[in-house]
Amino acid sequence: MSGRWTIAPALGPATPSWDRLVLASGLPRLEARVLLEHASGRRREWLLAHGDEIADARAADAFAGLARRRRDGEPVAYLTGSREFLGRDFEVSPSVLIPRPETELLVQAVLDRALPGARVLDLGTGSGAIAISLACERADLYVVATDRSPEALAVARRNAQRLAGQALAGARLLWRAGSWWDALDAQDRFDLVASNPPYIGAGDPHLAQGDLRYEPQQALVAGGGGLDALREIVAGAPRHLRPAGWLLLEHGCDQDGALRALLAGAGFESIQTLRDVSGLPRVTLGRMPE
Ligand code: GLN
């Protein structure tokens, strides 16, 4: 191709190329590509292979709207309505926390300890990421998941229909509405209980930054400097765990000491803290006596 015929950008057509949309968006390249995929309905590979072709006008308009909202701060996951967690795409909406890679550590810690046929509880499931991942990874597990938010449970049920239909059909994945232990019957017992509860203290400056500004406060913020939900979960756990059952909790990176003390006070043994992908204390677990 001869350079003589290259059209200068300023003289180009009204609708720019796919690549130009990405470059001119003012967004990090990867974010812009994710939003362009969503706006165009085209796969990433197609967009990369056809990057210098003129974008279709409807997709360009939709992309411009999404890019503007992203520049104003809205999370990419809420703009596209999905986020990947442990290799599966979960529907998300502003009624649920956006699943984070740190929480994959919690799921892995449950999988490492769950004996065949174990009954597992996920307290405060949100999008269902933890419960559904467990049910998908292990066809032998029985999983119960709770949330007090009807909107969150609706999102979780849709994710389960799409990702874990077999577990639903086999009654290996069940939902309960209610706050923490209130969602369960007094006689319900589990081999493992996992939770990623709200653990950020009210007034924490992180709440005014990034995605947290758009996420549901009730999934993020807890009283008592961020420890109240963790405290309530630890306090109720001995009544709902079988002998030698595990409690596994995600928490803030400066809460591991407090949580180990709470677990010890509630009679847990074999207490330990696991570090997340960034090397920070993130999951603390303990076991009921035999
Ligand atoms: N992990 C989230 C964050 O700090 C908080 C989630 C939570 O409170 N459970 O970004």
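Just so it is clear, the model here is predicted, and its values are computed rather than measured. Both counts, for ligands and for their atoms, begin at 1 and track the order of listing.
No donor-acceptor pair under 3.5 Å is formed between the side chain of Asp191 and the backbone N or O of Ala118. Of the possible polar contacts, one joining the Asp140 side chain to the Gly117 backbone as a donor-acceptor pair under 3.5 Å is found. The backbone N or O of Pro99 sits nowhere less than 3.5 Å from a side-chain atom of Thr103 that would complete a donor-acceptor pair.
Remark: Arg119 qualifies as a cation-pi partner of Phe190 under the 6.0 Å distance and 45° angle criteria applied to the six-membered ring. Under the 6.0 Å distance and 45° angle rule, Arg43 does not count as a cation-pi partner of Trp46.
Listed by chain and number, the residues in a salt bridge (charged side-chain N to carboxylate O under 4.0 Å, His left out) with Glu137 are Arg88 (sequence neighbours excluded).
When heavy-atom distances to ligand 1 are checked against 4.0 Å, the residues falling inside are Leu97, Arg100, Asn196, Pro197, Pro198, Tyr199, Ile200, Leu212, Ala219, Leu220, Glu250, ordered by chain and number.
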